[in-house]
Amino acid sequence: MKPAQPLPVADAIDIANVDSLLTDEEREIRGAVRSFCSQHVDPHVAEWFETGDLPAARELARGFGELGLLGMHLEGYGCAGMSATSYGLACLELESSDSGIRSFVSVQGSLAMYAIHRWGSEEQRTQWLPQMASGKAIGCFGLTEPDRGSDPGGMLTSARRDGGDWVIDGRKMWITNGSIADVAVIWAQTDEGIRGFVVPTSTQGFSATRIPHKLSLRASITSELVLDGVRVPDAAMLPGARGLSGPLACLNEARFGIVFGALGAARSSLETAVRYSREREQFGRPIGAFQLTQAKLASMALEYQKGLLLAMHLGRLKDAGALHHTQVSLGKLNNVRESLEICRTARTILGANGISLEYPVIRHMNNLESVLTYEGTSEMHTLVVGQHLTGIASFR
Ligand code: FAD
């Protein structure tokens, strides 16, 4: 019998050859992000995670800016104007290094910059976007509050008019990049409903404190913001955003990045598990020779490939201007859930080594617990899909 020909794919875990769906430009962008992360993130990220810090945040921001990654899918104002699919693939590479690093780029580009790009005045765009695209200025996005998470419509932060100014009071919780940000997009109740404000973090009455004791997304700065009589001019209000649809449109952008991004954590864990299973021997054989291990690996690869196909499809829909937010919910729900499962299974294959930061698996696994919760919890996205199927909203 002739030996079977090996599957002709560039990447062993890309069994379905999803890679063939990419354009040359997309492959180039993916390669550039991977190369940057291998050099500037991967050698340090386990230590950042262990110490619970992102000491290189400013340098990384500049580096990401030079690569054109910050607000990369936005047009003009120094942004790279790349396709949504390219942005997704960049998120995947970033998150294969660490979800905290992908979060840094997502919050900057898809939340803070997108809010200003989509809803801002021309003055706000020209003032903030070029410096944010280059990584000179860091942004954050303040929607969640201590008592309002999944239900942001009931937010307690308020902005009231005072002459030609607005005065903002309230607290925002779990804000990524909060204490290193130069500018915060803050959502508040007004007598005209929910409005957004572009607030320089140096404004009097604004303070940000890092949230300690996180066991997830540790290579990312997460903060509580306090706005105590923060006075901003009328020109700080985002003129285009009225009501909850303003922040929700931004979240939809960031969630799209997660549809791809989470798969990066899954890919890294799967690759680690495959390698480990070939090298680690028990009972005189590599553990990869046992059928139980092969069943785990096959199932991980299958879910990874299904997730990647879904992500690519949603990317193409987005580039065609035909992506609905329910489809983004479907993608986030599936890809984060399955990526987390892949990481957990990879952890079992590594045995005791699976709980060590010497390997990336437990870091990815713990990180994905945050990703499962932020940008809409998996329960919220389940309800979005449920509402689509039944026509009945069951959020309250
Ligand atoms: P809750 O809303 O209190 O939910 C608790 C549980 O109840 C969840 O399981 C939820 O699904 C469930 N639940 C709630 N309502 C229902 C319902 N109707 N039906 C069924 N189940 C329900 N926010 C920002 O604004 N900006 C940021 O930059 C940001 N970064 C973050 C970074 C990290 C690391 C984390 C962990 C969070 C971040 N968040 C950020 C906040 C995040 O978006 C919220 O944590 C999330 O929206 C959930 O809110 P909550 O934690 O208050 O949970």
Side-chain angles (χ1 to χ4, degrees), residues 48-49 52-54 57 95 98-115 138-157 170-181 183-188 194 196-197 199 201 208-227 241 244 246-255 257-258 261-262 265 329 332-333 336-337 340 363-364 366-387 392-396:
W48 297 338
F49 186 97
D53 202 0
L54 191 54
E95 198 147 354
D98 194 89
S99 305
I101 304 302
R102 197 269 307 139
S103 299
F104 183 92
V105 171
S106 287
V107 166
Q108 176 85 349
S110 287
L111 292 179
M113 290 176 72
Y114 181 84
I138 294 176
C140 69
F141 184 87
L143 179 65
T144 305
E145 300 186 352
D147 296 319
R148 293 294 184 280
S150 300
D151 182 18
M155 68 179 65
L156 304 174
T157 298
R171 284 164 72 201
K172 296 289 177 183
M173 195 66 180
W174 300 110
I175 307 306
T176 302
N177 294 346
S179 17
I180 53 166
V183 61
V185 172
I186 298 292
W187 300 94
I194 291 171
F197 297 86
V199 181
T201 55
T209 318
R210 283 178 66 163
I211 298 175
H213 312 308
K214 286 186 303 164
L215 291 180
S216 172
L217 227 71
R218 288 177 57 77
S220 170
I221 288 157
T222 318
S223 312
E224 177 179 4
L225 311 182
V226 175
L227 297 109
L244 202 54
L248 292 188
C250 307
L251 289 174
N252 209 42
E253 288 300 300
R255 282 168 194 153
I258 293 174
S329 286
K332 193 213 173 212
L333 178 62
V336 180
R337 185 170 70 190
L340 184 52
R363 181 165 50 79
H364 288 311
N366 278 12
N367 282 339
L368 287 182
E369 293 291 346
S370 287
V371 182
L372 193 72
T373 286
Y374 71 23
E375 316 281 358
T377 65
S378 52
E379 290 81 6
M380 289 299 113
H381 293 297
T382 303
L383 295 182
V384 170
V385 175
Q387 179 180 9
I392 306 165
S394 60
F395 295 93
R396 58 187 77 245

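Remember, it's 1-based here, ligands and their atoms both numbered in the order they're listed. Note that this is a predicted model, so its numbers are computed, not measured.
By the side chain to side chain donor-acceptor pair (under 3.5 Å) test, Gln387 is found to be paired with no residue, residues two or more places apart in sequence or in another chain being considered. With sequence neighbours excluded, the residues forming a side chain to side chain donor-acceptor pair (under 3.5 Å) with Ser370 are Ser216, listed by chain and number. Asp151 is linked by a side chain to side chain donor-acceptor pair (under 3.5 Å) to nothing, counting only residues two or more places apart in sequence or in another chain.
In this structure, Arg337 places its CZ atom where more than 12 heavy-atom neighbours from other residues, nucleotides or ligands lie under 6.0 Å away.
Using modelled atom types, one side-chain atom of Lys214 and one backbone atom of Ser220 make a donor-acceptor pair closer than 3.5 Å.
Inspection of the Tyr374 and Thr176 side chains reveals no N or O donor paired with an N or O acceptor under 3.5 Å.
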Between ligand 1 and the protein, find all N/O pairs closer than 3.5 Å and give the distance for each.
from	atom 1	to	atom 2	distance (Å)
ligand 1	2 (O)	Ser150	N	2.8
ligand 1	2 (O)	Ser150	OG	2.6
ligand 1	9 (O)	Glu379	OE1	3.3
ligand 1	11 (O)	Thr377	OG1	2.7
ligand 1	11 (O)	Glu379	OE1	2.8
ligand 1	18 (N)	Phe395	O	2.8
ligand 1	23 (N)	Thr144	OG1	2.7
ligand 1	25 (O)	Leu143	N	3.0
ligand 1	25 (O)	Thr144	N	2.8
ligand 1	25 (O)	Thr144	OG1	3.1
ligand 1	26 (N)	Phe141	O	2.9
ligand 1	28 (O)	Thr176	N	3.0
ligand 1	28 (O)	Thr176	OG1	3.4
ligand 1	30 (N)	Trp174	O	2.7
ligand 1	30 (N)	Thr176	OG1	2.9
ligand 1	39 (N)	Trp174	O	3.2

